[in-house]
Amino acid sequence: MKAARPYGRVAVLVLAGGRGERLDLLTTLRAKPAVPFGGNFRIIDFVLSNCFHSGLTEVSILTQYLPRSLEDHLGFGRDWDLDRREGGLQYLHPHRGLERSNWYGGTANALYENLQFLLESRADHFLILSGDHIYRMDYRELVAQHEASLMQVTVAVRPVDLAQAHHFGIFETDTAGRVVDFAEKPARPRSNLASMGIYVIRRQFLLDTLRDRGAAEPALDFGRDLVPDWVAQGQLALFNFPGYWLDVGTLDSYVQAHRDLLGVEPVFRLSDPEWPIITRAPQRAPMELAHGAQVLDSLVSEGCHIHGRVERSVLGPGVRVGAGALVRDAIVMEDTLIGAQCRVERCIVDKRVELGEGCRLGGEGAGDGNADKPQVLRGGFSLIAKDSVLPPGWTIGRNVRWAVETVDAAISARFPGQQVPDGTSCLG
Amino acid sequence: MDSVLTMILAGGSPDGLGPLGRDRAKTAIPFGGRYRLIDFSLSNCVNSGLRTIYILTQYNPRSLRRHVRLGRPWDLDRSITGGVRVLLPYSGAHQTSWYRGTADALLQNLDIIRRSTSRYVLILSGDHIYKMDYRELFHRHIVTGARLTVGTRLRRHGDEHRFGLLDVDPRGQVVGFREKPGEPYGTDASMGIYCFEKDYLIQGLHEAAARGGTDLVREVVMPAVGRESVTTYRFDGYWEDVPDLEAFYRANLLLVDAAPPIALDDPGWPIYTHMESESPTWFGPEAEVERCIVAAGGRIAGRVTDSVLFPQVEVAPGAIVQGAVLFSGCKVAAGARVHRAILDKGVRIGEGARVVGTERLLVLPKGSVVPAGVDAATSGAVLVRGVER
């Protein structure tokens with residue numbers, strides 16, 4: 001016998017196909033939801049953990065861009081108890097068929113391309129989530145409000161800083177809280193109620209919408225195309241979410257989200273016994289803090305070996321910090337080796353990077369941004385790509401993009417004195 | 001190694017381990033920040049290519065079973081061949097009794113041994129800390145053509161009270177075996193590791209049963225010496241059988257040495273264990289943590305040196321933890337001091353409290369509470385939740 005549900009059956013659709021271009025070198029080899037986050041997590045863990053804690057067990061992941069690393073991480077969903085006889089985890093990847101063979105052209109188009117799957121689903125509501133947001137939310141509250149409201153669509157919203165509102169889809173409400181207007185990334189926002197990209201939609205309404213518009217609009221997008229219409233038709237209600245939420249769409253927000261995890265009273269607390277974030281737990285030994293180690297206001301994962309000093313940083317599993325090294329305001333991912341006497345400041349260092357002894361990376365201040373990608377790197381942080389190396393004694397400045405697996409003669413010649421100046425991109 | 005069936009005797013009494021063994025089998029006692037004692041034998045098995053493993057136990061099996069589950073952490077959740085299973089005494093048509101000894105435990109599960117297609121049976125203890133490639137022992141068993149091969153190490157001072165001692169001739173043949181003789185004897189001490197030819201083991205168990213004997217060493221191993229070809233495989237690596245609290249404490253603290261005798265983080269010989277999802281450990285802005293092994297999920301803001309911290313330990317600013325072993329979920333409040341102590345799961349140390357061991361280690365049972373300002377060594381005010389003190 002099954003326990004009674006507090007509401008109708010809900011199928012979750014997680015949009016995880018985006019390229020995440022503004023995360024630059026972090027997403028050259030993986031989809032944005034598979035980007036490591038907070039030491040031993042991946043970004044998608046937050047949404048899947050929310051599903052787990054909300055008792056949602058039918059979860060489909062819509063992939064398109066570089067899905068392998070994501071699939072390696074999620075597997076059959078066993079770590080989230082999603083390997084089930086009924087429901088559970090499944091991947092919806094673009095595929096060829098008799099009638100259609102299309103890549104996903106937009107968020108709603110991705111669902112349209114899986115119309116048959118939605119038709120076969122027995123869900124009463126579809127919960128549509130983005131796979132790249134950091135937050136803790138009980139979706140049961142959202143769905144309960146949605147059911148009670150009798151509206152066709154409910155969108156989760158939260159207040160954002162008005163100065164940042166132009167990055168979001170912004171809703172305007174009347175004094176009674178009813179939605180009167182919506183604008184996607186408005187130049188002059190008239191409110192600070194931002195869409196979180198989380199939608200609950202009644203089954204028939206979503207199917208009808210996709211059937212009506214899907215064929216003619218191959219780039220159909222929720223925020224751009226559908227939400228404005230639903231607002232105009234009065235079909236859409238808002239669900240106010242007061243908690244922490246961050247879309248890690250840019251390197252700036254990626255760094256910000258990590259900063260939010262630190263401090264005595266962190267803005268967002270990673271470990272919460274009531275709502276733990278679940279991930280695929282790799283087998284690691286506990287971390288070792290050796291003689292001479294100093295670790296201050298930092299998050300350190302298992303398998304790390306720390307001989308040097310670490311400040312305000314987040315270290316993934318298996319990172320080694322050599323004796324006399326200093327790691328400050330940095331995000332360092334799995335199995336990276338930081339040689340003795342290195343100084344790594346304000347850097348994002350991806351997995352399995354090897355920094356030789358006495359290297360110096362990054363520094364204080366914003367600098368002038370990256371010469372090739374000023375929009376991507378402008379705050380001073382430097383980005384070291386997965387599997388890169390840096391020979392002993394080299395120096396890397398600020399706003400540098402470094403993706404070099406072997407330092408050959410040409411690269412050595414390009415940087416006399418083994419100095420990589422501020423703003424350089426070297427993708428060897 | 002498919003021709004070897006492994007039986008792990010996990011009934012070892014946790015007598016010497018005081019409160020740590022009150023609610024758990026010795027094999028399930030936590031060790032090294034993340035592990036249970038059984039992890040070492042099980043990981044040795046997997047790393048040695050042994051895939052069919054039975055764990056025989058009857059003492060407080062719940063925590064062991066919860067830990068081993070279906071063997072997934074060791075890749076032993078098999079569909080077709082092998083796997084791991086915990087065998088408890090059960091009541092059946094012919095007999096109903098607890099395991100009365102090691103030989104009796106094997107005898108009660110004789111059908112498993114008999115039906116197995118393996119030609120050899122490897123018998124291990126589940127509560128020793130060591131890294132051993134059983135293939136080497138097995139190889140020696142095969143090349144010597146022995147009926148029985150015993151895993152041993154060089155005899156040391158004091159072994160006569162605790163181990164079976166073997167007299168081994170220069171060819172490696174066992175010519176004498178005395179169980180805990182109380183006086184020095186022979187050259188080697190038994191590690192409780194036996195590789196038998198299966199048919200010989202079955203015959204030995206039957207003979208023991210006919211005599212009413214229940215102990216494997218006395219009734220099967222010792223009678224074989226002199227009668228059959230019994231050889232040894234001498235192991236010279238680190239091996240700790242954790243007889244008492246002091247040994248347990250020392251084995252933990254050895255891990256924080258610059259060159260520990262047993263590396264937990266060795267990709268060539270990983271120690272597998274059951275792991276839950278855990279966040280990284282946060283170290284506070286004034287934390288001073290050196291020479292420590294720390295598991296995930298913690299919040300460490302005070303001073304911690306020469307210690308082993310299990311998952312989800314919290315040490316408040318101003319607290320000092322020195323030379324201590326803190327099991328998962330322990331919380332040490334501001335200004336408290338913990339020294340030469342073992343804190344079992346979920347122990348709470350109040351503000352300014354003192355838990356300072358002397359020559360005698362201080363061991364606080366699971367869930368104990370030391371109220372603020374109290375000295376645990378001298379005061380009776382240590383509250384133990386759930387169990388009689």
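Reminder, nothing fancy here: chain letters follow the sequence lines and each chain counts from 1.
Each of A:Leu262, A:Val295, A:Val300 was checked for a side chain to side chain contact (heavy atoms under 4.5 Å, CB included) with B:Trp282, and the lone residue meeting it is A:Leu262. The residue from A:Leu270, A:Leu315, A:Leu261 that alone fulfils the side chain to side chain contact (heavy atoms under 4.5 Å, CB included) condition with B:Pro280 is A:Leu270.
Taking a 6.0 Å sphere around NZ of B:Lys331, one finds it holds more than 12 heavy atoms contributed by other residues, nucleotides or ligands. The neighbour count for A:Arg136 CZ, taken as heavy atoms of other residues, nucleotides or ligands under 6.0 Å away, is above 12. For CD of A:Gln90, the number of neighbouring non-hydrogen atoms (other residues, nucleotides, ligands) closer than 6.0 Å is greater than 12. Around the CZ atom of B:Arg135, the shell of radius 6.0 Å holds more than 12 heavy atoms that belong to other residues, nucleotides or ligands.
Looking at A:Ile278, the atoms closer than 4.5 Å to chain B (heavy atoms on both sides) sit in the backbone and in the side chain alike. Proximity to chain A (any heavy atom under 4.5 Å) is restricted, for B:Ile271, to the backbone atoms N, CA, C and O. For B:Pro270, no part lies under 4.5 angstrom from a heavy atom of chain A. Within the 4.5 angstrom heavy-atom criterion, atoms from both the backbone and the side chain of B:Ala296 approach chain A. For chain B, the nearby part of A:Pro266 is the side chain; its heavy atoms alone come within less than 4.5 Å. Using a 4.5 Å cut-off between heavy atoms, B:Gln312 does not touch chain A at all. Contacts between B:Phe310 and chain A at a heavy-atom distance below 4.5 Å are absent for every atom of the residue.
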Legend entry - CA sep, side-chain torsions, deciding dist, call: A:Leu289, B:Phe283, side-chain contact (heavy atoms from CB on, under 4.5 Å): CA-CA 11 Å; A:Leu289 275 68; B:Phe283 295 89; 3.8 Å; yes
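By number of non-hydrogen pairs under 4.5 angstrom with chain B, the leading residue of A:Gly303, A:Pro317, A:Gly292 is A:Gly292. Ranked by heavy-atom pairs under 4.5 Å with chain B, the first of A:Ser271, A:Ala290, A:Gly318, A:Ser301 is A:Ala290. Your options are B:Val294, B:Asp306, B:Leu264, B:Asp266, and the one with the most heavy-atom pairs under 4.5 Å with chain A is B:Val294. Of all the listed residues (B:Gly298, B:Pro311, B:Cys292, B:Ala301), the one sharing the greatest number of non-hydrogen pairs under 4.5 Å with chain A is B:Cys292. When A:Leu299, A:Val310, A:Asp45 are compared by the number of non-hydrogen pairs under 4.5 Å with chain B, A:Leu299 comes out ahead. Most heavy-atom pairs under 4.5 Å with chain A: of the set B:Ala295, B:Gly297, B:Gly32, B:Ala258, this distinction falls to B:Ala295. Note on A:Pro276, A:Pro273, A:Gly316, A:Ala285: by heavy-atom pairs under 4.5 Å with chain B, the leading option is A:Ala285. Your options are B:Glu278, B:Glu276, B:Glu288, B:Met275, and the one with the most heavy-atom pairs under 4.5 Å with chain A is B:Met275.
One N or O on the side chain of A:Gln283 and one on the backbone of B:Thr273 form a donor-acceptor pair closer than 3.5 Å.
Residues of residues 32-40 of chain A lying under 4.5 angstrom from chain B, judged on non-hydrogen atoms, are A:Gly38, A:Gly39, A:Asn40 by number.
Taking OG1 of B:Thr305 as the reference point, atom NE2 of A:His291 lies at 11.0 Å (rounded to 0.5 Å).
Between A:Thr279 and B:Ser277, the closest heavy-atom pair is N-OG, 2.7 Å.
With salt bridges taken as basic N to acidic carboxylate O contacts below 4.0 Å, one links B:Asp77 and A:Arg78.
Proximity of B:Asp265 to A:Glu288: side-chain heavy atoms (C-beta onward) are nowhere separated by under 4.5 Å.
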